[in-house]
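A short worksheet on the structure shown next.
One is the number of the first residue; the rest follow in order along the sequence. Since the model is a prediction, treat every value here as computed from it, not as a measurement. Remember, it's 1-based here, ligands and their atoms both numbered in the order they're listed.
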Amino acid sequence: MPAFPALRADGLIKNYGSVRALRGVDLEVKRGEIFGFLGPNGAGKTTTIRCMLDLIRPSGGLIRVLGLDPQADPLAVRAQVGYLPGELNLESNMTVSEALSYFAQLRGDRVDRLYMSQLAEHLALDIDNSIKNLSRGNKQKVGLVQALMARPHLLLLDEPTSGLDPLMQQVVYRLLQEACSNGATVFFSSHIISEVEAIAGRVAIIREGRIVQEASPGQLVEMAMRRVSVRFREPVDPSPLGRVEGVSVLSHADNQVKLQVAGTMDGLIKALALLPVQDLETERPSLEEIFLAYYAGGDREADIYAH
Ligand code: ATP
């Protein structure tokens, strides 16, 4: 396998006039991984993907796609990439099958009709239907089939499950996992944490044009704080617990104390061992909560239970 990563961005900057859409994005996506690119609306996901294909020119920074410079060699890059844009322009007087053949010809590919039909079948897409009759979700399926059908080395997908019902979302996850097991790299943008959790091996969170966190979905949860609720056999003074490093007391009523713990649980467990504990529950934040902390203007130290 070649030594270069599937995707690399160093200090990527994009200004639209006075709008600073990307403010120095650094990313490295390894070959063969499924990488989730998470961010709220307007964070810069689409801009990053379009820069990778040289559909728009960055204002600064470096990009490499499969080891190639998209500005120097855009056609070579696009030939190896299956791209699903946020909004696909489709010629309305064609059938789905004609539109897909047209896309394949644009890439200079011979259409693997069997694979195309299989993908359409998995997605419950009627390829004889006319484009003008398609719902938004069915148009999204056409976009997905055209991105996948050439079995590209790299899939760059802008919100791949947008407009699809939950059942179809599962089908898309399966197709992406299959593409990955067959050696493809998948880079997809999303603002839905659960889908990133479901399929991504690693995730980068982008917010206001900057990557604010990069990790595996599991690591993100590990890094976040936990909430611990302790019931005591009798009323206790919780102040010694609040003095343990990384622990703060959220509330205290009757025999119940709610705490927030950053880092390891060791100090808290030792402090609790000196008290008459009846019951203890710990709760990990979901990625949703972690994400909300970033939305809320927080940084790495964001208090995820503050809202
Ligand atoms: P969404 O989830 O809504 O698609 P996104 O994360 O893909 O959002 P981008 O579309 O990359 O975000 O937009 C990043 C920022 O750049 C936003 O502030 C957006 O308004 C701005 N922007 C995007 N395209 C243009 C443009 N052509 N001209 C001016 N500003 C733009």
Task: No-hydrogen, no-angle side-chain donor-acceptor test under 3.5 Å, Q256 and S229 - done: yes
Open item on the list: Protein heavy atoms near atom 17 (C) of ligand 1, is at least one of them under 4.0 angstrom away?
Closed with: yes
Task: Shortest non-hydrogen contact from K45 toward G39 - done: NZ-O, 2.8 Å
Task: Nearest-contact summary for atom 8 (O) of ligand 1 - protein heavy atom, Å - done: G42 N, 2.7 Å
TODO: State whether a side-chain donor-acceptor pair under 3.5 Å links T161 with Y173.
DONE: no
Open item on the list: Is there a side-chain hydrogen bond (donor to acceptor under 3.5 Å, both in side chains) between T95 and D128? Walk through the geometry before answering.
Closed with: CA-CA 6 Å; T95 63; D128 297 320; 5.9 Å; no
Report, one line per pair, each donor and acceptor closer than 3.5 Å where one atom sits in a side chain of residues 132-153; sequence neighbours left out.
{"from": "S135", "atom 1": "OG", "to": "N138", "atom 2": "N", "distance (Å)": "3.2"}
{"from": "S135", "atom 1": "OG", "to": "N138", "atom 2": "ND2", "distance (Å)": "3.3"}
{"from": "R136", "atom 1": "NH2", "to": "S162", "atom 2": "OG", "distance (Å)": "2.7"}
{"from": "N138", "atom 1": "OD1", "to": "K141", "atom 2": "NZ", "distance (Å)": "3.2"}
{"from": "Q140", "atom 1": "NE2", "to": "E159", "atom 2": "O", "distance (Å)": "3.0"}
{"from": "Q140", "atom 1": "NE2", "to": "P160", "atom 2": "O", "distance (Å)": "2.9"}
{"from": "K141", "atom 1": "NZ", "to": "L123", "atom 2": "O", "distance (Å)": "2.9"}
{"from": "Q146", "atom 1": "NE2", "to": "Y83", "atom 2": "O", "distance (Å)": "2.8"}
{"from": "Q146", "atom 1": "NE2", "to": "G143", "atom 2": "O", "distance (Å)": "3.0"}

Task: A43 N/O to ligand 1 N/O under 3.5 Å - done: yes
Open item on the list: Using heavy-atom distances only, which candidate in N15, N41, I49 approaches atom 3 (O) of ligand 1 most closely?
Closed with: N41
Open item on the list: If I compare all heavy atoms of L176 with all of V186, which pair ends up nearest, and what's the gap?
Closed with: O-CG2, 4.0 Å
Open item on the list: Starting from atom 2 (O) of ligand 1, what is the nearest protein heavy atom, named by residue and atom, and what distance separates them?
Closed with: K45 NZ, 2.8 Å
TODO: Go through ligand 1 atom by atom and flag the ones less than 4.0 Å from a non-hydrogen atom of E159.
DONE: 2 (O)
Open item on the list: Within ligand 1, which atoms have a heavy atom of T47 less than 4.0 Å away?
Closed with: 9 (P), 11 (O), 13 (O), 14 (C)
Open item on the list: To check your reading of the model: name the closest protein heavy atom to atom 29 (C) of ligand 1, its residue, and the distance in Å.
Closed with: Y16 CB, 3.3 Å
- [ ] Using distance alone, with no hydrogens and no angle criterion, decide if E195 and S190 have a side-chain donor and acceptor under 3.5 Å apart.
- [x] yes
Open item on the list: Quick one: does any side-chain atom of N15 pair with a main-chain N or O of S18 as donor and acceptor, under 3.5 Å?
Closed with: no
TODO: Examine the proximity of ligand 1 to H191 and report which part, side chain or backbone, both or neither, has a heavy atom under 4.0 Å away.
DONE: neither
TODO: Kindly confirm or rule out an N or O of A21 lying under 3.5 angstrom from an N or O of ligand 1.
DONE: no
- [ ] Check side chain to side chain contact (heavy atoms under 4.5 Å, CB included) between A184 and all other residues, then give those that pass, not counting sequence neighbours.
- [x] A179
Open item on the list: Strictly less than 4.0 Å: does any protein heavy-atom distance to atom 20 (O) of ligand 1 fall in that range?
Closed with: no
- [ ] Please work out which of G44, P40, S162 has its closest non-hydrogen atom nearest to atom 12 (O) of ligand 1.
- [x] G44
Open item on the list: Can you confirm, on distance only, whether ligand 1 has an N/O atom lying under 3.5 Å from any N/O atom belonging to T46?
Closed with: yes
